[in-house]
Trainee: 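Quick one: the structure is below, and I'll ask about it shortly.
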Protein chains: 2
Amino acid sequence: MNATIKDIARETNVSYATVSRAFNNKYGVRPETRARILEVAKRLNYSPNGIARGLVNKRTKSIGLLIPDITNPYFPEVARGIEEGAKEQGYSVFLCNTNWEQDRQAQYIELLAEKRVDGLVIAPVSNSVDPAQERLFNSIPVVYVDRPPQNTPCSYVVIDNIRGGFIATQHLIEAGYRKIGFIGAVEQSMPVDERLEGFRLAMERYGIAIEERDIRLGHFSQEAGTNLVREMIGAGDYPRAIFAENDLLAFGVIDGVRSMGLSVPGDVAVVGFDDIHFASFENVQLTTVCQPKYEMGKTAVRILLEEISWKEHAAMGKGRNGRHADRNVLTARAEETVNAAVCEEATGGRRVVILEPRLIVRKTSLVSHPQ
Amino acid sequence: MNATIKDIARETNVSYATVSRAFNNKYGVRPETRARILEVAKRLNYSPNGIARGLVNKRTKSIGLLIPDITNPYFPEVARGIEEGAKEQGYSVFLCNTNWEQDRQAQYIELLAEKRVDGLVIAPVSNSVDPAQERLFNSIPVVYVDRPPQNTPCSYVVIDNIRGGFIATQHLIEAGYRKIGFIGAVEQSMPVDERLEGFRLAMERYGIAIEERDIRLGHFSQEAGTNLVREMIGAGDYPRAIFAENDLLAFGVIDGVRSMGLSVPGDVAVVGFDDIHFASFENVQLTTVCQPKYEMGKTAVRILLEEISWKEHAAMGKGRNGRHADRNVLTARAEETVNAAVCEEATGGRRVVILEPRLIVRKTSLVSHPQ
DNA sequence: AACATTGTGGCAAACGTTTTCAACCCTGTC
DNA sequence: GACAGGGTTGAAAACGTTTGCCACAATGTT
């Protein structure tokens, strides 16, 4: 069907080894031979067979991206960053929605292993790693985003959730609020816990006592936000400001507050987390803690590709001498980064990037006379 | 590194042909031999090499998905539908953002061709097809979504944009409005033109004259919506209702109207198109024309996979006799579809699915006394 | 007792590349 | 005029599968 290297060889009266060399710009083929080959190739509509190529080089130039749900407005930007970084280096990415299900995640890992992807970026479903997956993690580089890996020594890039929770709360406190509530999703424990910890830290720092009933956890959905805040308000003596641990919940909270006949921010101020696109919509204007989502993806894939190329060099017996050079590039690039401080440590070869969240003040927390 | 079929063969004292047969559930291997093989395979952490497999079968069990921008809230749902349908059949999907650039799209098609994907779903950047791509389209199945292909006889699944434009406009007319404006993005011509055509059709049907200055086209962005509507209002004698040809523009329009000190829907009613997630947000409540995005994706990938399997059967010399059976399955499934009428025609082997858009009335077009 | 049949399983070719090794031709040098 | 040496090319093995064809044994048939 498709023309192969052999067809070209026959047509040009050279061996197919030469054709291969011509295509890979290998040294040792005369310019005019090369030109002739390329010309015939074009005429035959030749397209190199990446599968055959992959079989011999043992690399496919593709990576897997595991995320819970591309439909969740948080992930497309991360995915975009990953795709962008990958494409720059000629890699393609498999999009896999795990649907927040542990075993769908496992299935995909299996599938990607068979496809022999060169690496994996995972925004994990939960904190525990399926032991069946570990063998894969020994054979190809894996980088986590959004949450750190729990039982494996993989590299990861996350944000400082404690700090994020802290600055959100601090903002409310400095705006004059004292009775502040926290609303979160219970399922995806790790980041939530940290944001809550940041919340507690800030309150403590300013010497404000927390009433436990002002902290409510529920599902991860807009409706949950609405319900939780309605419960709070219904119970009386409700907080005058609420830190919702993600924007979707915050939207629900706003709905809930208004549905009780109260106003935002007049009666209740609201701060969210993530800065998904619609937080900035004129009608919403949600004060929130911005995660550098695109950068997170881009950084993750950069690290992944570096690890892939280390591995290749190592396999070629060149050892690990490229390592320090790469590290320098990394640091240099990190410093270019505009809106996020980057902090890296390299313990035992794993690399950890913690991006800084950043408060964005909009209308839902701006009020002339807080009570 | 990874165990191969030969390792298993050696360990179990059978030939590697037998191991292969055992794994593919081919007939002709004794159950106990098979069990022994599977056991050893598990012990060795064997994972079949899809690359080698792909080389001999000439299929990779992966498809490409080309969309303009996953960050645009319209696409994640389409992508989700595609991924879902693909996974059900054991296919994986490459996510490719073309970034609305014709030649980035071409680059990706080239790349995916080398990766030897079994098929392609394209939400095309523009209406013209790069001739360089045509050869690919002859060698693997391609299905278009969102917009029909222009120069190629590929199957496609789209919605009836004319009808969508019609019902949006009709809704405003029946709500009592007479002076109605249209705001659209000029770039992505095809669907915009059709929605505008639907708009004109509806106006004509109800005998309402259109003033051309009430039709404005600009960029495809929220800001454009704001600017266009501000121009309109600034010019005086502005429309009392506006049909914005997509939700992002509609959001911008709402902002723009409000920024001029007018209210939505009190002074100006607004209808959008797409029904992206945030149209239903309590604070927005945008009346809009819903596109069945998820279904669109799922239908597209179903058609694609059917075409792939036809091609395989054809290649195996079985001819096209499976074809009618598949067609029946298709029709049956189409009838299951709940919220979208499906209409298919099969002209010359190409298949065309036109899904029905559906009006969703929310607050931005509800007003007690339209003027 | 000879023969057909069925159930298992081995051999080897094929898929389209990359890459090692060796061979060849040419030019310049002694 | 033989020879070293560089530049250019070819032959063939390897990558890990699938699969068509053949062989062998056990069973059933006449």
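Fair warning: this is a prediction, and the values are worked out from it, not measured in the lab. Throughout, protein chains are lettered first and strands after them, A, B, ... in sequence-line order, and every chain is numbered starting at 1.
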Trainee: side-chain contact (heavy atoms from CB on, under 4.5 Å) with B:L111: which residues, sequence neighbours excluded?
Mentor: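 With sequence neighbours excluded, B:L111 shows a side-chain contact (heavy atoms from CB on, under 4.5 Å) to A:S92, B:Y108, B:K115, given in chain and number order.
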Trainee: Under the side-chain hydrogen bond (donor to acceptor under 3.5 Å, both in side chains) rule, collect the residues that match up with A:R36, sequence neighbours excluded.
Mentor: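 A:R36 satisfies side-chain hydrogen bond (donor to acceptor under 3.5 Å, both in side chains) with no other residue.
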Trainee: Have a look at B:K6 and say if it touches a base, only the backbone sugar-phosphate, or nothing, with a 4.0 Å heavy-atom cut-off.
Mentor: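 Contact class for B:K6: base.
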Trainee: Tell me, please, which residues at least two apart from A:S20 pass side-chain contact (heavy atoms from CB on, under 4.5 Å).
Mentor: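 Partners of A:S20 under the side-chain contact (heavy atoms from CB on, under 4.5 Å) test: A:I5, A:N24.
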Trainee: Could you tell me how far apart B:E32 (CD) and C:dG9 (P) are, to the nearest whole angstrom?
Mentor: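 So the CD-P distance, B:E32 to C:dG9, works out to 8 Å.
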Trainee: For nucleotides 19-27 of chain C, tabulate all protein N/O to nucleotide N/O atom pairs closer than 3.5 Å, reporting atom names and distance.
Mentor:
| from | atom 1 | to | atom 2 | distance (Å) |
| --- | --- | --- | --- | --- |
| C:dT19 | OP2 | A:K26 | NZ | 2.6 |

Trainee: Mind checking side-chain contact (heavy atoms from CB on, under 4.5 Å) for A:P141 and listing every partner two or more places apart, or none if nothing turns up?
Mentor: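 Per chain and number, A:P141 pairs via side-chain contact (heavy atoms from CB on, under 4.5 Å) with A:L304, A:E307, A:I308, A:K311.
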Trainee: Under 4.0 Å from OP1 or OP2 of C:dT8: is there any side-chain N or O of B:R30 that close?
Mentor: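 The answer is no; no side-chain N or O of B:R30 sits under 4.0 Å from OP1 or OP2.
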Trainee: Taking any atom under 4.0 angstrom from a heavy atom of chain B, which nucleotides of DNA chain D are the first and last to qualify, 5' to 3'?
Mentor: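 Terminal contacting nucleotides, 5' to 3': D:dG16 to D:dG20.
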Trainee: Taking side-chain hydrogen bond (donor to acceptor under 3.5 Å, both in side chains) as the test, write out the residues that go with B:R34, two or more places apart.
Mentor: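 B:R34: side-chain hydrogen bond (donor to acceptor under 3.5 Å, both in side chains) contacts with B:N25.
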Trainee: How close do B:I70 and B:L95 get, counting heavy atoms only, and between which atoms?
Mentor: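 So the two residues come closest at CD1-CD1, 4.4 Å.
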Trainee: Atom CG of B:N25 and atom P of C:dT8: how far apart are they, to the nearest Å?
Mentor: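 To the nearest whole Å, that distance equals 15 Å.
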Trainee: Using the test salt bridge (Lys or Arg N to Asp or Glu O under 4.0 Å), find all partners of A:E84 that sit at least two apart in sequence or belong to another chain.
Mentor: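 Only A:R80, B:R104 meet the salt bridge (Lys or Arg N to Asp or Glu O under 4.0 Å) criterion with A:E84.
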Trainee: Need to verify one output field. Residue with the more 5' nearest nucleotide on DNA chain C, B:A52 or B:N13?
Mentor: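 The residue closer to the strand's 5' end, by nearest nucleotide, is B:N13.
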Trainee: Starting at atom CZ of B:R34, determine the distance to atom P of C:dG7, rounded to an integer number of angstrom.
Mentor: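 Atom-to-atom, B:R34 to C:dG7, this comes out as 17 Å.
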Trainee: Please give, in whole Å, the distance from C:dT18 P to A:I37 CD1?
Mentor: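 Value for this atom pair: 12 Å.
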Trainee: With sequence neighbours excluded, what pairs up with B:F23 under the ring-ring contact (aromatic ring centres under 6.0 Å, His included) test?
Mentor: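 B:Y46.
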Trainee: Give the minimum heavy-atom separation between A:I303 and A:V143, together with the two atoms involved.
Mentor: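 That closest heavy-atom pairing would be CG2-CG2, 4.0 Å.
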Trainee: How bent is the helix from C:dA1-D:dT30 to C:dC30-D:dG1, measuring the angle between the end axes built from five pairs each, rounded to 10°?
Mentor: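 Inter-axis angle at the ends, rounded: 60°.
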Trainee: Under the rule for side-chain contact (heavy atoms from CB on, under 4.5 Å), what residues qualify as partners of A:K58, not counting sequence neighbours?
Mentor: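 Testing A:K58 for side-chain contact (heavy atoms from CB on, under 4.5 Å), a comparison that skips the adjacent residues, returns none.
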Trainee: In chain order, what residues pass the salt bridge (Lys or Arg N to Asp or Glu O under 4.0 Å) check against A:E11, with sequence neighbours excluded?
Mentor: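 Partners of A:E11 by the salt bridge (Lys or Arg N to Asp or Glu O under 4.0 Å) criterion, ordered by chain and then number, come out as A:R43.
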